[in-house]
Amino acid sequence: MKITLKDGSTVEYPAGTKIIEITAGISKGLAKNALVAKFNGNMVDLSVPVEEDGTLEIFTFADEEGQQAFRHTSSHILAQAVLRLYPGTKLGIGPAIENGFYYDFDSEHKFTPADLEKIEEEMRKIIKEDLPLERQTLAREEAIEFFSDKKEDYKVELINDLPEDAEISLYKQGEFIDLCAGPHLPSTGKVKAIKLLSLAGAYWRGSEKNKMLQRVYGTSFTKKSELDEYIFRIEEAKKRDHRKLGQELKLFTLLEEGPGFPFFFPKGMVIRNELESYWRLIHQQWGYQEIKTPIILNRQLWERSGHWHHYRENMYTTIIDEEDYAIKPMNCPGSMLVYNAELHSYRDFPIRTAELGLVHRHELSGALHGLMRVRSFTQDDAHIYMLREQMTEEIKGVIDLVDSVYRLFGFEYHVELSTKPEKAMGSDEDWEAATAALEQALQEKGMAYKINPGDGAFYGPKIDFHLRDSIGRTWQCGTIQLDFQMPEKFDLTFIGEDGQKHRPVMIHRVAFGSIERFIAILTEHYAGAFPCWLAPVQVKILPITQRQLGYADELARELSKDGVRVEIDKRSEKIGFKIREAQLEKIPYMLVIGDKEEENRNVALRKRGEGDKGTVDFVEFKQELLQEIAARA
RNA sequence: GCUGAUGUGGCUCAGUGGUAGAGCAGCGCAUUCGUAAUGCGCAGGUCGGGGGUUCAAAUCCCCCCAUCAGCUCCA
């Protein structure tokens, strides 16, 4: 029997040799670290005997596949511990997730944080028992009978939903048996460091129509040091939380008086305004025209656009002079009214109208999250009206614009293509044409993308840009939506070459997504240490004694004259204290001035992240600073 | 919206049935100081809101609101 390894080499073994034995033949170290394997494309346990020629790949904790199995086995240990401590608990599902695992339980007992410690202790016992995991397969009927006997209703439901031809496998470790496709680690003893992290409710199968189960989250590693490092990273990430930094740096606040409706402080407004002027600059460069449309528009408009029917539960409404009005949840209808306010020629196309539009959407109270999920936010919206032939070019243009924005901030992102949802307007042909245009643009750009079937907007398919933030969460920011429906609904026309009226198509798109969310992401991305061009205060002047106040004023005037945001700490505090405060405020540059500096007309410079830079010439400093700001470096 | 937890001065938190506390911030006075916290003093809270139990409620019970974690949803 011939086995081909990952590096292309082959080894010979008699049929029936177990993978773990083959692994040991390759390297003792690999056998020790091996967790699961892939044989001829199928993920398998190490204990599986090999009966035929094939390719073999061995995974350790360094591999995605190895971590998956490791966490998956961890979740079985969790379930086993819970069943030992709370007999009668029914099991939901217990998969591995990024950075850990969870298991859902249906139990009379309401788990508390204190219980987590007890469960964790039991889990350690199970690990110490080093129980081997054994796989067995059952016929569908047998499996259903088996889990029915154990009153595991959820497992029975899962089995019933498995496809006809699916092999039904069970994994057994000690007294614990669970329905599971696998693969798993050879034994529970492989899991060295484990920690339960949190407790939460979760609907069975993710549907709010179903019963809410109790979900226990945890993580596990091969070494205690890795676990400690992970916990340290979580703590670090918490320090970057934009809600915490937003308060500490006095950027914004959320008050009970307006849940989900953020208030911006002067320092937060500086960041907003800087982002907006950058936005205006690039939109001018990319050939957009800015407009502004009203926040409240009448019911007929929203009926016409379809929002009144398709988006009703998210809209705030009001009554004016006994007529129904809605506060806009999107900017497109307003934009189309602007389009329709005059006649258009095919020569005008593409027409790119942009709007920083304040929209309101009723989000579920439990979904609100700082500036990331709010009920009122400003979209950096744009609507592009064009000919069908211009679609691909325009989409590519938007992709480039969005890319240049994200690159400026050094963000990683990936794109997803969402297709026709169940609740959709328009013909299948239009949807196909629109989806094809988006795909073509992505392919011509050579971009990798994931497809989200059924996740499009009700009026058209879309490309979404997902940013990766500092904690590794992804946030949808930019989106490009292609729309054949709204131009129809609003009877948008243009005069073609033939002198006849024709129907344009339109693109809806955002780059930042929402200014509010983007500020939140930036705050976490930079951990509050904004690049100089965005920093609310760019320079803080720290006089050592009151004698230098005059010189300080002089320097401040010199800087603010050229648009630099500068503050002077005039308090009669010691210099160490002033530096400490400026440091906590994450101010990019501090100018320390004492008698010496005033006498020589220079400054002692302190740079954020670098500390004391010594004495520098003020004029030179100012020039470099202005350059840095202008470059948005 | 659902499940669970939390809510005490601007901020961080102590206080579990018997007179509301601390540190930081603020204000005043003193200090004029060389690279991450100078000292002293003063003010500041109907304990998220409403109702109830009790001689007495921040503390016990009920309802509501908000926040946090997760689910669902999403820019």
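Throughout, a chain's letter reflects where its sequence line sits, starting with A, and its residues are numbered from 1.
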Tell which nucleotide pairs with B:rA37, taking only Watson-Crick or G-U wobble pairs whose two distances are both under 3.5 angstrom.
none
On a heavy-atom basis, the closest approach of A:H307 and A:M330 is NE2-SD, 3.2 Å
How close or far is atom P of B:rC73 from atom CZ of A:R312, stated in whole angstroms?
22 Å
Provide, to the nearest angstrom, the distance between the CG atom belonging to A:L584 and the P atom belonging to B:rC24.
15 Å
Tell whether A:Y203 reaches the base of B:rG70 with its side chain through a donor-acceptor pair below 3.5 angstrom.
no
Work out how far the P atom of B:rC73 is from that of B:rC27, and round it to whole angstrom.
49 Å
If we take the C1' atom in both B:rC11 and B:rG44, what is their distance in whole Å?
14 Å
Mate of B:rU72 across any strand shown (Watson-Crick or G-U wobble, both atom pairs under 3.5 Å) is none
How far does the P atom of B:rA20 sit from the matching atom of B:rC2, given to the nearest Å?
37 Å
Pairwise P distance for B:rG7 and B:rA58, with rounding to whole Å:
15 Å
Applying the 3.5 Å cut-off to both distances, the Watson-Crick or G-U partner of B:rC60 turns out to be B:rG52
B:rU67 pairs with, by Watson-Crick or G-U criteria that keep both distances under 3.5 Å
B:rA5
Under the ring-ring contact (aromatic ring centres under 6.0 Å, His included) rule, collect the residues that match up with A:H310, sequence neighbours excluded.
A:F458
Excluding sequence neighbours, so at least two apart, what forms ring-ring contact (aromatic ring centres under 6.0 Å, His included) with A:H508?
A:H383, A:Y459
Whether A:H369 contacts B:rA69 is assessed here as follows: a side-chain N or O lying under 4.0 Å from the phosphate OP1 or OP2. Is that the case?
yes
Do you see a donor-acceptor pair shorter than 3.5 Å between the side chains of A:Y589 and A:E628?
yes
Quick check: on RNA chain B, is the nucleotide nearest A:G260 upstream (toward 5') of the one nearest A:F465, or the reverse? Name the residue that is more 5'.
A:G260
Using a heavy-atom cut-off of under 4.0 Å over every strand shown, decide if A:V374 touches base, sugar-phosphate, or nothing.
base
CD of A:E248 versus C1' of B:rA36: gap in Å, rounded?
15 Å
Check this one for me: any side-chain N or O of A:R571 less than 4.0 Å away from OP1 or OP2 of B:rA25?
no
When rounded to whole Å, the CD to P distance for the pair A:Q379 and B:rC74 reads 14 Å
Suppose the criterion is salt bridge (Lys or Arg N to Asp or Glu O under 4.0 Å): which pairs have a residue in residues 247-266 of chain A, not counting sequence neighbours?
A:K244-A:E248
Contact list for residues 450-466 of chain A, test salt bridge (Lys or Arg N to Asp or Glu O under 4.0 Å), sequence neighbours left out
A:E416-A:K450, A:K462-A:D464
Distance check needed: B:rA75 P versus A:K328 NZ, whole Å only.
17 Å
May I have the distance from A:L467 (atom CG) to B:rC74 (atom C1'), rounded to whole angstrom?
15 Å
Can you sort out the partners of A:K118 under salt bridge (Lys or Arg N to Asp or Glu O under 4.0 Å), two or more places apart, ordered by chain and number?
A:D115
Are A:E157 and A:K90 ion-paired here, with the side-chain N under 4.0 Å from a carboxylate O?
no
Hey, is A:R547 close enough to A:E598 for a salt bridge, meaning N to O under 4.0 Å?
no
Any protein N or O atoms within reach of nucleotides 4-11 of chain B? Criterion: under 3.5 Å, listing atom names and distances.
residue, atom, partner, partner atom, Å
B:rC11, O3', A:Q247, OE1, 3.3

Give me the distance, rounded to whole Å, that separates B:rC13 from B:rU8 when you measure between the C1' atoms they each carry.
9 Å
Side chain of A:F577 - closest among B:rA25, B:rA75, B:rU67
B:rA25
Mind checking who B:rC47 pairs with, Watson-Crick or G-U wobble, both distances under 3.5 Å?
none
Is any side-chain N or O of A:Y217 closer than 4.0 Å to OP1 or OP2 of B:rC71?
yes
May A:F377 be described as stacking on the base of B:rA75, applying a 5.5 Å centroid limit and a 30° limit on plane angle?
yes
Can you tell me the pairing partner of B:rA14 across any strand shown, Watson-Crick or G-U wobble, with both distances under 3.5 angstrom?
none
Are side-chain heavy atoms of A:R509 and A:L401 found at a separation under 4.5 Å?
yes
Just checking A:K607: base, sugar-phosphate only, or nothing, at a heavy-atom cut-off of under 4.0 Å?
nothing
Would you say A:R373 places a side-chain N or O within less than 4.0 Å of OP1 or OP2 belonging to B:rA75?
no
Measure all distances between protein nitrogen or oxygen atoms and nitrogen or oxygen atoms of nucleotides 29-35 of chain B, and list the pairs falling under 3.5 Å.
residue, atom, partner, partner atom, Å
B:rU31, N3, A:S572, OG, 3.4
B:rU31, O4, A:S572, OG, 2.6
B:rU32, O2', A:R547, NH1, 3.4
B:rU32, O2, A:Q546, N, 3.1
B:rC33, OP2, A:R547, NH2, 3.1
B:rC33, N4, A:S572, O, 2.9
B:rG34, O6, A:D595, N, 3.3
B:rG34, O6, A:K596, N, 3.2
B:rG34, N1, A:E597, OE1, 2.8
B:rG34, N1, A:E597, OE2, 3.3
B:rG34, N2, A:E597, OE1, 3.2
B:rG34, N2, A:E597, OE2, 2.5
B:rU35, O2', A:R606, NH1, 3.1
B:rU35, O2, A:R606, NH1, 2.9

Please give the nucleotide sitting opposite B:rG26 as a Watson-Crick or G-U wobble pair, both distances under 3.5 Å, or none.
B:rC42
Please confirm whether A:R215 makes a cation-pi placement over A:Y102, using NZ or CZ under 6.0 Å from the six-membered ring centre and within 45° of the ring normal.
yes
Quick one: A:H466 NE2 to B:rA75 C1', roughly how many Å, whole number?
11 Å
Non-neighbouring partners of A:K596 that pass side-chain contact (heavy atoms from CB on, under 4.5 Å), sequence neighbours left out
none
Please report the distance separating the P of B:rG26 from the corresponding atom of B:rC60, rounded so that it comes out in whole Å.
35 Å
Please tell me which of A:G258 and A:C477 maps to the more 5' nucleotide of RNA chain B, matching each residue to the nucleotide holding its nearest heavy atom.
A:G258
Distance between the C1' atoms of B:rU59 and B:rU54, in whole angstroms?
13 Å
Which of these nucleotides, B:rG26, B:rG1, B:rA75, is closest to any side-chain atom of A:S365?
B:rG1
How close or far is atom P of B:rA69 from atom CG of A:L364, stated in whole angstroms?
16 Å
If we call it a pair only when both distances are under 3.5 Å in a Watson-Crick or G-U wobble match, what pairs with B:rU32?
none
Quote, to the nearest angstrom, the C1' distance that separates B:rG50 from B:rA57.
15 Å
If a pair satisfies salt bridge (Lys or Arg N to Asp or Glu O under 4.0 Å) and one of its residues is in residues 359-373 of chain A, list it, with sequence neighbours excluded.
A:E363-A:R373
